[in-house]
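The next block holds one structure in the form of structure tokens; read it before the comments.
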Amino acid sequence: MQILRDLVEEPLESALTDIGITQDFWRKALGPSREKSQGDISLPCFAFAKQLAMNPNDIAANLADKIKGNFSVEATGGYLNFKADADWLATQVMSGVVKAKTRDVLIEHTSANPNGPFHVGRARNAILGDTLVRLNRLYGNNVKAEYYVDDMGKQVGVLAWALDNLTEDQVDEILDDSEAVNPKWSDKKDHQIVRWYQAAQQLRSTSTDDSIEEEIGKLVHASEHGDDTVLAKFEEAYTPVLNGMLETLSRLGIEFDTFTKESKFVVDGSVSKLMDRMQQLEIHGEADNGAFFLDLGQRGLKGKTDFFYRRGDGSSLYATRDIAYHMWKWSQCDNLINILGEDHKLQAKQVGMTLQELGEKVPEVMFYAFIKLPEGKMSTRKGNVVFMDDLLEEAQAQAAAVVRNLRADLSDEEISGIAEAVGVSAVRYNIVKVSPDKGFTFRWEEALSFEGESAPFIMYSHTRACSIAKKVGRNASYPGLGEIPTAMFELLRTMACFSDKLRQSVVENKPHVFALYLLELATAYNAFYRDCHVIMDGSVNEFNFSISEKARSLLREGMIGIGIIPLETM
RNA sequence: GGACACGUGGCCCAGCUGGAUAAGGCGGCGGCCUCCUAAGCCGCAGAUCGCGGGUUCGAAUCCUGCCGUGUCCGCCA
């Protein structure tokens with residue numbers, strides 16, 4: 001609770017000076033209380049014991065006597081506990097918070113190869129990335145959400161070749177219906193066209209005909225040298241697929257501000273300029289066939305230390321283009337964040353070290369572990385996969401069943417609208433609430449849970465507040481302080497941490513911190529709702545109403561920040 | 001084999017820039033709708049914080065060894 005900390009630091013500092021502590025390290029020790037019942041922030045006094053030759057409890061007691069303010073101070077078990085006064089807290093919370101100063105942040109996320117529909121594994125990137133975008137915006141930053149389109153290289157090459165060379169019948173024959181499209185998505189281009197890609201992949205792995213490989217190789221080679229015609233052909237091949245993928249993301253509430261094509265940096269010459277510069281670096285090396293690399297071992301990289309950035313034929317590699325891309329990205333913003341799967345850790349390290357070697361800044365990277373299924377790794381080929389489109393349909397259907405059951409008064413259309421919002425929010429929240437570095441096993445029953453630690457739990461608290469507001473039928477006007485029962489006090493304490501949690505979440509790139517905080521806020525609101533009625537015997541308690549309204553607006557802002565749709569009724 | 005993550009009650013998960021009785025949720029058991037939406041609320045049971053060492057006044061948190069899981073170790077993307 002930063003606002004309390006700001007209040008406490010000065011008197012605390014002078015009290016510490018009084019007893020002979022002049023070093024500054026107490027500032028680090030002072031932190032949020034672990035026992036919330038004891039206080040909001042605490043100072044453990046154990047570290048002073050030796051220096052003062054006193055026991056920690058006496059030190060704390062001693063300090064407690066010297067400090068006064070709009071808070072209680074108590075010494076317990078060697079801790080000095082500060083707890084904000086209810087009245088002061090209410091005044092602070094009602095007066096609102098100051099937004100942080102704006103920075104230009106570019107967040108690159110998703111950037112999936114445009115070769116097939118999203119499955120829930122690929123979607124972890126999009127959901128985490130978009131949440132970070134939203135949280136940064138809520139924090140006050142000026143954010144650009146960027147999608148890097150992989151429009152060259154082998155994957156698109158295979159897709160383009162297949163669309164040019166295989167008929168629908170041939171595709172059907174090759175795939176032998178082993179991976180039939182869900183009829184529901186038969187008109188959706190990503191589901192449709194991915195079959196050409198899959199058929200081509202199968203053909204490549206089984207065919208003894210070298211000409212296919214040669215043709216694809218030629219295309220890839222041309223694209224990597226910036227051949228306009230081939231790049232145009234590629235674009236024609238992947239665009240409908242990408243659009244299908246974006247449609248899915250859009251249903252999840254995920255949109256992008258800019259799309260940047262990988263080929264841009266080959267075509268505009270920045271990649272070849274970059275390779276020239278890299279060649280001048282101290283740690284540059286050359287292989288027998290003329291390929292270039294950097295010896296990152298000289299800069300402390302362990303394991304495989306040669307980082308190849310140019311092939312023997314002079315063409316660039318994916319990572320090289322990525323470096324050029326990063327240099328361009330830095331020209332767009334003050335702060336750069338990438339969302340990457342843990343499989344990219346080495347690559348990101350190499351890119352980062354090279355950027356450093358070139359005198360460029362290194363981006364922040366948020367890595368996430370893969371999502372797997374209870375049956376094991378997700379694999380389209382083995383049919384062990386859950387498509388996001390299917391998950392969203394199922395979420396909507398199950399949510400609709402719940403709403404229908406609970407709200408007999410609603411029309412089918414209303415039910416469907418609520419169910420869509422509930423389903424999408426639940427799916428997002430299920431992923432965003434866990435720490436990104438944690439391995440994640442997708443389970444239907446967890447993704448579709450609408451109780452407990454879930455989006456609908458938060459949404460429900462919010463609709464309660466909305467329902468009260470609707471019933472009162474006018475805006476709240478803060479009447480000044482009123483009675484503050486325990487449940488309201490606890491709600492105020494939770495609300496007072498909104499900006500702390502938001503800041504932490506943004507500064508540390510940890511969406512789950514804020515996601516879990518919203519759960520606390522909703523829980524605190526539920527207790528307030530239970531104990532502090534706004535409408536009693538037909539008359540409105542203005543103080544309670546204004547607190548409820550404040551909580552409603554924080555819930556709403558927070559939900560938007562985390563990607564939960566703030567329904568007003570459900 | 002090497003590098004990097006992760007390992008917390010039956011299940012999921014927070015805490016990990018060292019600090020108080022390890023916080024939630026699911027599942028289980030028992031309560032609460034003449035009272036602003038019960039997708040809610042209250043209570044009970046359930047934890048050798050993977051295992052062994054070390055540092056420290058103090059270790060889930062730091063160091064180290066081992067075990068388990070995941071990822072990477074392409075002149076692929």
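Both backbone and side-chain heavy atoms feed into the values below; hydrogens, waters and symmetry mates do not. In the text below, chain A, chain B and the rest are named by the order of the sequence lines, each starting its count at 1.
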Any base atoms under 4.0 Å from [X], or only sugar-phosphate, or nothing? Heavy atoms, all strands.
X        : value
A/Val472 : nothing
A/Lys28  : sugar-phosphate
A/Ser548 : nothing
A/Glu445 : nothing
A/Phe457 : sugar-phosphate
A/Ser315 : nothing

For this session: For nucleotides B/G15 and B/C4, find the distance between their C1' atoms and express it as a whole number of Å.
Result: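 Here B/G15 and B/C4 have their C1' atoms 23 Å from each other.
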
Heavy-atom donor-acceptor pair, [X] side chain to [Y] backbone, under 3.5 Å:
X        : Y        : answer
A/Tyr147 : A/Ala112 : yes
A/Ser379 : A/Asn384 : no
A/Ser411 : A/Glu414 : yes

Could you tell me if [Y] and [X] have a donor-acceptor pair between their side chains, going purely by distance under 3.5 Å?
X        : Y        : answer
A/Gln201 : A/Arg204 : yes
A/Ser33  : A/Asp40  : no
A/Glu364 : A/Asn509 : yes
A/Thr494 : A/Tyr517 : no

If I take atom [atom1] in residue [X] and atom [atom2] in nucleotide [N], what distance separates them, rounded to the nearest angstrom?
X        : N     : atom1 : atom2 : value
A/Lys438 : B/C49 : NZ    : P     : 15 Å
A/Phe25  : B/G18 : CZ    : P     : 12 Å
A/Met570 : B/G40 : CE    : C1'   : 11 Å
A/Arg407 : B/A38 : CZ    : P     : 11 Å

For this session: Could you note down all residue pairs passing side-chain hydrogen bond (donor to acceptor under 3.5 Å, both in side chains) where residues 441-457 of chain A supplies at least one of them, sequence neighbours left out?
Result: none

Problem set entry | Spacing of CZ belonging to A/Phe528 relative to CG belonging to A/Leu521, to within rounding of 0.5 Å |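 Answer for the CZ-CG pair, A/Phe528 versus A/Leu521, is 11.5 Å.
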
Problem set entry | Stretch residues 516-527 of chain A: residues that reach within less than 4.0 Å of RNA chain B through a heavy atom |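 Hits under 4.0 Å, by residue number: A/Leu516, A/Asn526.
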
Exercise. What dot-bracket string describes RNA chain B from 5' to 3', counting Watson-Crick and G-U wobble pairs whose defining distances are under 3.5 Å, with [ ] for crossing pairs and | for pairs to another strand?
Worked result: (((((((..(((......[....))).(((((.......))))).....(((((..]....))))))))))))....

Problem set entry | Annotated protein contacts, base or backbone, on nucleotides 62-77 of chain B with a non-hydrogen cut-off under 4.0 Å, one of B, S, - each | --------SSSSSBSB

For this session: Using a cut-off of 6.0 Å, state whether more than 12 heavy atoms not belonging to A/Lys83 lie near its atom NZ.
Result: yes

For this session: Please check if atom NZ in A/Lys218 has more than 12 non-hydrogen atoms from other residues, nucleotides or ligands closer than 6.0 Å.
Result: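 Check fails, neighbour count at 12 or below.
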
Exercise. If anything within 90° of 0 is syn and all else is anti, what is B/C33?
Worked result: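 Here the answer is syn: the torsion falls within 90° of 0.
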
For this session: Examine A/Arg321 relative to A/Tyr325 and say whether NZ or CZ is less than 6.0 Å from the centre of the six-membered ring and inside a 45° cone about the ring axis.
Result: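 No, A/Arg321 does not sit over the ring of A/Tyr325.
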
Problem set entry | Over-ring placement of A/Arg464 relative to A/Tyr529, 6.0 Å and 45° cut-offs |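 Because its charged atom sits under 6.0 Å from the ring centre and within 45° of the axis, A/Arg464 does stack over A/Tyr529.
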
Exercise. Can you list the residues that meet the side-chain hydrogen bond (donor to acceptor under 3.5 Å, both in side chains) rule with A/Gln298, with sequence neighbours excluded?
Worked result: A/Asp295

Give every pair of a protein N or O atom and an N or O atom of nucleotides 26-36 of chain B that lie under 3.5 Å apart, one pair per line with the distance.
unit_1, atom_1, unit_2, atom_2, d
B/C36, O3', A/Lys471, NZ, 3.0
B/C36, O2, A/Ile535, N, 3.3
B/C36, N3, A/Val534, N, 3.2
B/C36, N4, A/Tyr529, O, 2.3

